[in-house]
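For ligands, and for the atoms within them, numbers begin at 1 and follow the listed sequence.
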Amino acid sequence: MEIAVARGDGIGPEIMEAVLSVFDAAGVPLSYHDVEMGKEVYERGLTAGMTEETREVVEGCGVLFKGPLETPTGKGAKSVNVTARKLWSTYANKRVFKTLPGVDTLWSKAGLKTDITMLRENIEDTYGAIEHLQTHDVAQCRRFITRPGSLQLHRTAFEIARRKGARRVTCGHKANIMKLTDGLFLETFYEVARDYPELRSDDLIVDNLAMALASRPQEFDVVVLPNLQGDILSDLCAALVGGLGYAPSANLGEHICVFEAVHGTAPDIAGKGLANPTALLLSGCMMLRHVGLARSAARIEAAVGPALRALSRPLDLGVPAPRPSTADFTRAFIDNLPPEADFAHLVDDPDNRLHIPPVLQPQRMMSTPKLHAETCGGADLFVESTESAEAVSRRIKPLLDDQLRLTMISNRGTQVWPLASRFTECVNHYRVRIEARPGVGDLSGSQLLTLAASIDPVIRVCSMEMLMSVGENRGFSLAQGQ
Ligand code: NAD
């Protein structure tokens, strides 16, 4: 069976070489198709960070095993790591944080064992990086959370919890503040939870969750989070088990899956032979299970504990032993591979794979049934101005017809007209809320776009959002102080 391999940037080639040597020593029946991604591709001027051939190879075999890839800083190029996740719809990022033998941490020394599986949403959220400069002083990032995307992730989290034999699935969120976006993420979590009554499902606001993970990690089992919050908390969880060198991950989709370590290219130690390949090796074992090679995966995983114990040498006359090199790790993993016969009860059989190779199909539209009428009751216009909110209101009001009224102006999300506090500091970007007068009913998009066109010559319109209601529910947030 063939899989695509991107060796990566920075420490990537060193740790990938180490992992593939362990695979070879264990006789893993895979062949590798090297693909080009990352720094060298960017340097050739391809801002996607991967070649067309890479895309075709990965889409052909459905599995990519990758080392970390550098994202060029500055403008233009997008992160190829994120592109790979989004392009191939790997909507669930599974990360495993497990206390390992021989890897001492503050928590393991305190007798607190960690075995947390984190499911991070992988496509939506601010990670969409849909960004626009609105004025020279104001940049915006749009944050989309979708019902189909959240349902997909939560279903995967509960299925993984079932396979793990977990007791608890916890949703992290910030729905107390972001009631529509994180509110949708949380609502869909409990919708899916109803199908898994044997699992305890609960939720925690993400800041509280961060503290709980750091102080009581042993209480958590499967944790599911939106993209950015999951990104941050997964590094916190990596610290619980000894650092980024010990945190494997899988990006799971319906068609294509990408296996990689949680960490990046570690430019500070690249080329020094100091990189720890454990996280990539454990990610590789996840991949082996995924393609039906359960025996190889179990045998290599069984080598990890004894190898790490052997490498964690005691203090020598009070002086800590030197940090193991990548070569030390590789040798230790190979030397500690248990006999094949110990795993005779398991089989390496591609027919047992969790993964079905991709079938070419048109792009899929994911949608859920519309349960309530959707109406438009107005628009928020975002306009550029350094005048006072009162002055902005005086310019806008004469432009409104008798169906519409100006209801509120906010600045950075805080109401500034009608005046709420003289101490609210402003920037040159106002949100002007225009709503239908009572009894007018549904407004059309063209009516509101015509209004925006009439306002723009008077005060520059930067962007616009419609004010939707779904059934009886308002589909837009109030301003702070409104
Ligand atoms: P990083 O994860 O590369 O490094 C953070 C710290 O952890 C560094 O001190 C590093 O030496 C250490 N570290 C990381 N992996 C290690 C390992 N295997 N063994 C020993 N020490 C290890 O994070 P960063 O410095 O913020 O990012 C560097 C680059 O990596 C950036 O270009 C970033 O975009 C990229 N990155 C890529 C991925 C990915 O490919 N999935 C993920 C994160 C960051």
_Could you identify the single nearest non-hydrogen protein atom to atom 41 (N) of ligand 1 and state the distance to 0.1 Å?_
E260 OE1, 3.0 Å

*asked:* How close do L213 and C237 get, counting heavy atoms only, and between which atoms?
replied: CD1-SG, 3.9 Å

*Is the shortest distance from a heavy atom of P267 to ligand 1 less than 4.0 Å?*
yes

_L274 versus ligand 1: do any nitrogen or oxygen atoms come within less than 3.5 Å of each other?_
no

*Hey, does D268 come in under 3.5 Å of ligand 1, counting only N/O atoms on both sides?*
yes

*Please confirm whether G264 comes within less than 3.5 Å of ligand 1 when only nitrogen or oxygen atoms on both sides are compared.*
yes

*asked:* Whether R289 and E301 form a salt bridge (side-chain N of Lys/Arg under 4.0 Å from carboxylate O of Asp/Glu) is what I want to check.
replied: yes

_So for R323, does at least one of its heavy atoms come nearer than 4.0 angstrom to any atom of ligand 1?_
yes

*Could you tell me if any non-hydrogen atom of V262 lies under 4.0 Å from any atom of ligand 1?*
yes

*Determine, for R85 against E121, whether the closest basic-nitrogen to carboxylate-oxygen distance falls under 4.0 angstrom.*
no

*Which ligand 1 atoms, with their elements, are less than 4.0 angstrom from a heavy-atom of R85?*
41 (N)

*So does K272 pair up with E14, basic N to acidic O under 4.0 Å?*
no

*Charged N to carboxylate O below 4.0 Å: is that the case for D182 and K174?*
no

*Should the pair D221-R200 be classified as a salt bridge under the 4.0 Å nitrogen-to-oxygen rule?*
no

*Carboxylate-amine/guanidinium proximity below 4.0 Å for E43 and K39*: yes

_Polar proximity ligand 1 side, A261 side, N/O cut 3.5 Å exclusive_ = no

*Within the structure, does at least one protein heavy atom fall under 4.0 Å of atom 21 (N) of ligand 1?*
yes

*Identity and distance of the protein heavy atom lying nearest atom 30 (O) of ligand 1*: T265 N, 3.0 Å

*What atoms in ligand 1 come closer than 4.0 Å to a heavy atom of I269?*
11 (O), 20 (C), 21 (N)

